[in-house]
Amino acid sequence: MISRRGLLLGSAAAGLVSFAPSAIGQVPASIDTLPASAPVRNLSLVAREIDAHLLGPDKPATKRVATYDGELFKMVRAPRGTRLIVDFENQLPDFTTVHWHGIRAPYLFDGVAPITQEVVKPGERFRYNVPLPDPGFYFFHPHCDETGQVGRGLFSALVVDDPADAKAGYDAECFIVVKDWRLGDDGQWLEMSTTDGAATTGTFGNIRTTNGSLTAPRVEVPAYGDVRVRTLIADGTRVIDFGCDTDDAFLIAIDGQALPPVHFNDLPDGIWRMGPAMRADAQVRMPAPGKEVQIFDYRSAEPFLLTTLVAVDKKGMRAKSRTALKAKPLPPAKVPLPDLKSAKRMEFLLQVSAGATAVSPPLPADDPLSKALIDSMCVGSTTHWAISRDSWAVQDALRLPPPLAVLDNGTSYVISMTNVTKHVHPMHLHGHIFRVLSHSKKPKLPQYLADTVMVEPNETVEIAFKAVSGNWVFHCHILEHMDTGLMGWFRIS
Ligand code: C2O
Ligand code: CU
């Protein structure tokens with residue numbers, strides 16, 4: 001027996017198929033970024049829910065914590081040049097997909113329903129081909145109901161190691177993964193999104209953690225050593241001002257891509273502002289044995305302690321010899337760079353939408369199928385935001401907005417985006433690592449490579465990239481902003 005729901009979902013899916021050629025246009029080539037001979041690592045990955053003691057061992061367990069493989073704060077690590085073949089299975093009770101944030105993968109494996117694949121339904125599988133051409137710090141997460149699924153813990157760090165990094169000469173490594181939880185005293189989830197939150201800064205969690213710990217981790221590292229501190233904002237809302245209480249620190253990579261080290265004192269306000277999905281690597285020089293360096297979020301009214309590095313000299317972790325402070329650059333990134341002389345220019349406004357528009361499929365609003373249809377399109381049910389007047393999606397949930405632009409594979413482009421809202425927007429372009437050319441509010445900042453860039457209110461930010469064939473989305477990574485309209489896409493062929 002096929003239920004009415006199954007039937008309608010089936011026809012919605014059929015609608016997607018016929019919708020693809022007309023609205024999405026012909027399917028661009030899906031380009032692989034590694035040779036066929038690249039070494040393969042097979043990975044099986046299961047999205048499923050667990051009960052977990054997020055508030056501490058003696059507090060009630062939280063139900064419906066979303067995980068990959070039952071592991072919170074999971075990390076996958078592989079050498080650059082590896083191809084991950086990921087056998088993904090969805091054991092969640094909801095639709096999902098997997099998106100490989102910042103990885104230059106073929107677009108058909110980019111995990112964006114409904115434009116690169118259909119949703120993976122409960123019980124279904126999908127095989128992802130994920131080449132890892134570039135070393136760095138990445139993560140992967142669902143691209144369907146992000147606010148709810150990432151909010152409840154569904155993401156994993158992905159570290160791509162470059163053997164050449166060893167030459168930079170770091171003595172220790174430390175990871176800081178920032179993620180807040182929205183929990184009541186009973187340990188159960190509070191509503192993930194409020195209308196007020198979605199229409200402003202996003203709905204913040206009330207419990208802050210580093211690597212899942214409610215108290216800042218203390219990490220022992222060799223005295224006088226150089227520590228590579230690698231930070232990821234896995235939260236969908238939190239924006240931090242990343243910095244530390246020593247003068248002996250440099251910013252050495254942004255979104256996993258090496259840059260010529262910048263002394264923290266030469267950064268605006270001595271901090272690096274990071275929003276959802278952004279990563280940063282810092283070099284921190286440790287003091288004498290017994291002394292500490294504290295890593296803070298200085299954006300909070302009261303600086304929020306993320307991690308304490310403790311300098312030690314003990315058996316198994318000897319102090320380094322004391323030397324003058326020197327920056328330790330990582331090997332330069334080797335990603336395709338735009339040609340600025342020939343680049344074509346595009347301008348976009350990040351703005352509020354013309355009015356909260358309810359997304360309505362062609363069904364009575366109270367029909368439960370209406371929700372199922374919207375869910376299968378991975379869109380929110382309201383829009384608050386827009387890119388140059390287009391929201392994702394508009395009115396009819398079965399109709400996505402037209403592409404922001406149709407671009408040519410191999411051609412270089414400059415995007416100038418101006419934020420005319422009152423809130424920050426960390427903007428992410430899929431499938432590309434772009435060069436950030438300028439921030440109008442930080443004129444002295446050197447250019448750098450990134451996949452997600454912070455655009456402050458009243459700021460214009462320019463990025464440049466060499467276009468790669470595919471249908472690629474471009475969106476704000478404050479997840480409620482993207483779920484309520486701040487998303488568009490480029491067709492590149
Ligand atoms: Cu972290 Cu559209 O992605
Ligand atoms: Cu935003």
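What's counted below: heavy atoms across the whole structure, side chains too, no hydrogens, waters or symmetry copies. Counting starts at 1 for both ligands and their atoms, in listed order.
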Assess the pair His477 and His101: is the distance between their ring centroids shorter than 6.0 Å? yes

NE2 (His477) to atom 1 (Cu) of ligand 1 to ND1 (His101) angle, given to the nearest 10 degrees: 100°

His143: its N/O/S atom lying closest to atom 2 (Cu) of ligand 1 (atom name): NE2

Do any of the N, O or S atoms of His423 sit under 2.8 Å from the Cu ion (ligand 2)? no

Measure from the Cu ion (ligand 2) to each N, O or S atom of His425 and report whether any distance is below 2.8 Å. yes

Using 4.0 Å as the upper bound for N to carboxylate O, is an ion pair formed by Asp235 and Lys179? yes

Apex atom 2 (Cu) of ligand 1; atoms His430 NE2 and His475 NE2; angle rounded to 10 degrees: 110°

Suppose we call two aromatic rings close when their centres sit under 6.0 Å apart. Are Phe109 and Trp100 close by that rule? no

Is it true that the side chains of Asn90 and Arg125 contain a donor and an acceptor less than 3.5 Å apart? no

What atom name does the N, O or S atom of His481 nearest to the Cu ion (ligand 2) carry? ND1

Look at the rings of Phe490 and Phe465 and say which category their plane angle falls in: under 30° parallel, 30 to 60° tilted, over 60° perpendicular. tilted

